[in-house]
Amino acid sequence: MTDLYRKEIEIKKEQFQDLVSDLNSPLNRTGSSFKIWIGFLLLLIGIAGFMYVRQLQQGLGTTDMRDIASWGLYIADFVFLIAVSLVGSLITAILKLSNVKWATPLTRISEIIAVAALIAALLIIVVDMGRPDRLWHIFVHGRLQSPIVWDILVVNTYLVISILLLYIPLIPDLALLRKTMGHKPKWQQKMYKILSLGWQGTEEQFRIMNLSLTALMVIIIPVALSIHTVTSWLFASTLRPGWDSTIFGPYFVSGAFMVGAATVIVTMYVIITNYNFKAYITDKHFDLMGKLLVLTSLVYLYFNLNEFMVPAYKMKSGESAHILGLLVGEYSLLFWSVQILGMILPILLLIIKPFRKPKPLMIISVVVVIGAFLKRFLIVTPTLLHPFLPVQNYPESYHHYNPTFSEIMITVGSFAGIMLIISLFIKLFPIIPVYETAHEKGFPNEIINNS
Amino acid sequence: MARLNTIVAILIFACSLGAFSQTTAWEVSADQATKKNPLEILPKNLALGRNIFKRTCVSCHGEKADGKGLIQSTNLIDEKFQKQTDGVVFYKIITGRDKMPPFGAMLKEDEIWSVINYLRVLVDPSAIPPPKNVKLELTTGEEIKSITAIVLSADSAKLPLNEVDVHFYVKREFGLMRIGEMSNYTGADGKVKVVFPEKIVGDSEGNVTLVVKIENNFLYNDIETTAVKKWGTPLLSHEDEFNRRALWGARDKSPVWLLLLANGIIAIVWAVIVYVIYNLFRIKKAGRIFIK
């Protein structure tokens, strides 16, 4: 009897060892292609850095932002990155709290995307400033009445919560790493040791951890909703054609969930093609994420209908220049491409099951992500070009906005930065939660603790 | 059908003309080119020309008319430009092309001619005598609020000067506001009068500063005289408005509800965050016991 039991434990232990070495495999394999990839990202970041130094020296004149269009690619990038970061809360909190089990292997992916996107978003705001040396003024002179101050508060709060939500579930995994990564450089071992907080997997520790996680998951939902709602208020609280809207908050949030889901799908695909995770991130996960993408897209479609249909029906004189510019004018090509290719077509395709297979789904998601970025641009800039007060005596070029090479490279650099953070994270920490996966596969805590 | 064809043909022709004219010389008919400038080069219309140029053309053609304004436009003082007849220049100004706006509807013919005269004098100042100094005095009427400028020669004879353009302003927070006409010419007695407009806001006591100038004149050097009068409507103090707690208020004047709401939310959310961070220490502590 006891022999049998012991045998069973031995088998379980072995299975668990396999699971751990599977999930930790990216940490142990660093090929040259990875180094090239990192080099490439560093190159892009270097170019962006160079462009930024030039911008610091010469001023914002190196961008195409002028008196009329004073917000351009940078702000579009900011809104886009904030949108992307919302997925952290969608997958780790909303799905988790509603007891959706299949999303467990995706939680860490979405949380690191959120953290990386937030860091880039905070940086890009500084890039957009003409006088970054006066950043501290916002803390010393900022008025609580200003949405900009709310935005700063809420973005930083969300970043802290996201980091905690990334870190806390990682603690048991870090304890495992502390035990299994003896062959790694000293600093790395030390990092695992410090970060794992002396985790032993006691009942008390689990209790505190779960308590903390629940608290965070509950609090992150309103914070996540408000981070993007406040971002939308930066626009909606001003009297401008196209921004003067009461549904901007939910419009932004729904769009954010959509692009966030797409980003996670793309990242999942990249991860399974590079690492041997097919057993953990399966076709089923892609299928379900595809469905989630359709759901969020449908909600977004509904808000788009409201956002453009109602003003276009009324065609108020002040707003008509802006709406016509989008629907049939200067920006119509971009507008319809974004709406049709980036939203309607994906919905139509993704309700058909074969399109939710990993590869087609990934391709569609890439289109959705690009469309979402351009959509943010369409929200930010055309409005500025059509202010309610007539513009006079400006050079013709001020009436248009075409991002300069410098702006484009800095924006590209922000994406490279995000990918760099994610890539390095994958090399240092298990991207699929080890403890949670083991727990859900029914390994008892004693085995996890004692291996 | 035939009509449609003609329309299309005309359109194509017009377009090609349009494309053509971008690259080639400005087409000016002989009729237009030989049109005579009806104005003589007199200080009076030079001053008008200069005023108009400063107001409407400088932004593109530059302070010196060398084409280096906010945008690159045509140099109006080089030889190539100056050798064109007044008629050609006149036609170009009224019709415009590309970024050069057509001024035909905006300026009177005489005004355009005077600008042309001004451009001529810019390259050839010898056409006019050097400017002289003058004396500028003010008297004010109280019955009907008005200012009278008296322009006298600067020498001991103090002769009244006829036909001098005088500009009247009221000082405002950030600059001068013109009152009276663009140009106000003195009569034979050397005087010119301007009525003070109503409902001009002054300082808290209703004082306004009047500024009278002779400026940009070709015959006389710049001179300026000021006078302070209690003619304005007193400025109402809005201190109370500003001291009120309101959305538009200063940093320390946020509405109470906003303070409570915002700080309340911040407090609740950060309390949770602090609690979780505290829990991290508890986790660490719980592990330590186990090791022993």
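In what follows, chains are A, B, ... by sequence order, proteins preceding strands, each numbered from 1.
Heavy-atom neighbours of B:K54 NZ from other residues, nucleotides or ligands within 6.0 Å: above the threshold of 12. Annotation: A:Q58, atom CD; neighbour count of heavy atoms from other residues, nucleotides and ligands within 6.0 Å is above 12. Surrounding OH of B:Y278 are at most 12 heavy atoms belonging to other residues, nucleotides or ligands under 6.0 Å away. Other residues, nucleotides and ligands place more than 12 heavy atoms under 6.0 Å from the CD atom of B:E224. A 6.0 Å sphere centred on CZ of B:F103 holds more than 12 heavy atoms belonging to other residues, nucleotides or ligands.
Not one N or O on the side chain of A:R143 forms a donor-acceptor pair closer than 3.5 Å with the backbone of B:S254. Side chain of B:R282 to backbone of A:E204: no donor-acceptor contact under 3.5 angstrom is found.
A:G142 and B:R251 get closest at one heavy-atom pair: O-NH1, 2.5 Å. Annotation for A:Q145 and B:L258: closest pair CA-CD2, 3.6 Å, computed over non-hydrogen atoms.
For the atom pair CG of B:N279 and CG of A:L197, the computed distance is 11.0 Å after rounding to the nearest 0.5 Å. Between the OH atom in A:Y398 and the CG atom in B:L70 there is a gap of 6.5 Å [rounded to 0.5 Å].
Using a 4.5 Å cut-off between heavy atoms, B:L259 contacts chain A through both its backbone and its side chain. Contact annotation for B:L247: both backbone and side-chain heavy atoms come within less than 4.5 Å of a heavy atom of chain A. For a residue to count as touching a neighbouring chain, one of its non-hydrogen atoms must lie under 4.5 Å from one of that chain's; by this rule B:V269 touches chain A with backbone and side chain alike. Only the side chain of B:Y275 comes within less than 4.5 Å of a heavy atom in chain A; its backbone stays farther off. If you measure heavy-atom distances from A:F206 to chain B, you find no contacts under 4.5 Å at all. Contacts of B:S59 with chain A are absent, with no heavy-atom separation under 4.5 Å from either backbone or side chain.
No other option in A:I219, A:I220, A:L153, A:I171 has as many heavy-atom pairs under 4.5 Å with chain B as A:I219.
Checked against B:V276 for a side chain to side chain contact (heavy atoms under 4.5 Å, CB included), the options A:L213, A:L216, A:V160 give a single hit: A:L216.
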Next item on the list: Assess whether side chain to side chain contact (heavy atoms under 4.5 Å, CB included) is satisfied between A:L164 and B:L280, documenting all intermediate values.
Entry: CA-CA 10 Å; A:L164 286 172; B:L280 293 180; 4.2 Å; yes
